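Notes follow once the structure below has been shown.
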Amino acid sequence: MTKKASESVTNSGGSVRNLDLAVKSSEEARRSTRLRLKPLRKPKTSQKKKPSKLHGKMPKKPATAFFFFLEDFRKHYQEENPEVKSMREIGKTCGEKWKTMTYEEKVKYYDIATEKREEFHRAMTDFTKRMQSGEYDESETDSDFSE
DNA sequence: CCTGTGATTGTTAGT
DNA sequence: ACTAACAATCACAGG
């Protein structure tokens with residue numbers, strides 16, 4: 001609630017500024033991403049794997065801006081192409097359009113992703129803190145006692 | 001009936 | 001700094 005007011009003050013300026021910082025932060029990471037010319041591993045895609053209990057309470061990676069755009073784009077795509085139900089084709093179309101999108105247009109999606117990232121960061125901090133505090137509780141009370 | 005696949009880019013943690 | 005893997009979605013297929 002409080003931060004909402006400050007953000008509303010600056011229309012695009014605030015958003016852009018946030019994005020700028022976000023971009024700057026990932027600027028380094030971005031470079032590496034672009035360099036990925038070593039597709040040694042080329043899985044057919046789809047890296048879905050079963051939820052391994054790595055730590056039990058490890059915060060999962062938040063959806064990226066692209067995913068938010070996908071969510072929105074998917075709605076429009078289904079409206080115009082109700083025949084296409086497969087997400088695979090949408091992904092291609094969305095990805096192609098995503099590249100054509102301009103910075104300003106992506107800003108709004110990046111902005112959402114940035115917020116999600118912050119939330120994730122909090123969960124991560126709490127998680128790490130808890131971990132250092134007294135080792136992670138792997139017990140997670142499994143089925144021993146119902147809650 | 002349930003699980004895995006397939007496709008997209010972006011972000012994160014780990015080494 | 002770089003690498004590898006994973007994040008959501010939704011329809012379809014296989015066991």
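None of the values given here were measured: they were computed from a predicted structure. Letters go in sequence order (proteins before strands), and every chain restarts at 1.
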Can you measure [X] atom [atom1] to [N] atom [atom2] for me and round it to whole angstrom units?
X	N	atom1	atom2	value
A:Phe67	B:dG10	CZ	C1'	8 Å
A:Leu70	C:dA11	CG	P	15 Å
A:Lys106	B:dT11	NZ	P	10 Å
A:His121	C:dA7	NE2	P	19 Å

### Message
Do A:Tyr110 and A:Thr64 make a side-chain contact, defined as non-hydrogen atoms from C-beta onward lying under 4.5 Å apart?
### Response
no
### Query
If each of A:Met124 and A:Ala65 is mapped to the nucleotide of DNA chain B with the nearest heavy atom, which maps nearer the 5' terminus, i.e. the 5' end?
A:Ala65
#### Entry: Closest-nucleotide ordering on DNA chain B, the 5'-leading residue of A:Pro62 and A:Cys94
A:Cys94
Out of [options], which nucleotide sits closest to the side chain of [X]?
X	options	result
A:Phe120	B:dT9, B:dG6, B:dA13	B:dA13
A:Phe66	C:dA8, B:dA13, B:dG10	B:dG10
A:Gln78	B:dT8, C:dC6, C:dC10	C:dC10
A:Tyr110	B:dT11, C:dA11, B:dT8	B:dT11

### Message
With rounding to the nearest 0.5 angstrom, report the CZ to CG distance, A:Phe68 to A:Asp111.
### Response
10.5 Å
### Message
Measuring from atom OG1 of A:Thr114 to atom NZ of A:Lys116, what distance do you get when rounded to the nearest 0.5 angstrom?
### Response
12.0 Å
Answer yes or no: does a side-chain N or O of [X] lie under 4.0 Å from OP1 or OP2 of [N]?
X	N	value
A:Lys61	B:dG10	no
A:Arg74	C:dC10	yes
A:Arg117	B:dT11	yes

### Query
If you measure only the distance, is there a donor-acceptor pair under 3.5 Å linking the side chains of A:Thr102 and A:Glu105?
yes
### Message
In terms of relative ring orientation, are A:Trp98 and A:Phe66 parallel, tilted or perpendicular, with 30° and 60° separating the classes?
### Response
perpendicular
### Task
Could you check whether A:Phe69 gets within reach of a base, just the sugar-phosphate, or nothing at all, counting any heavy atom under 4.0 Å?
nothing
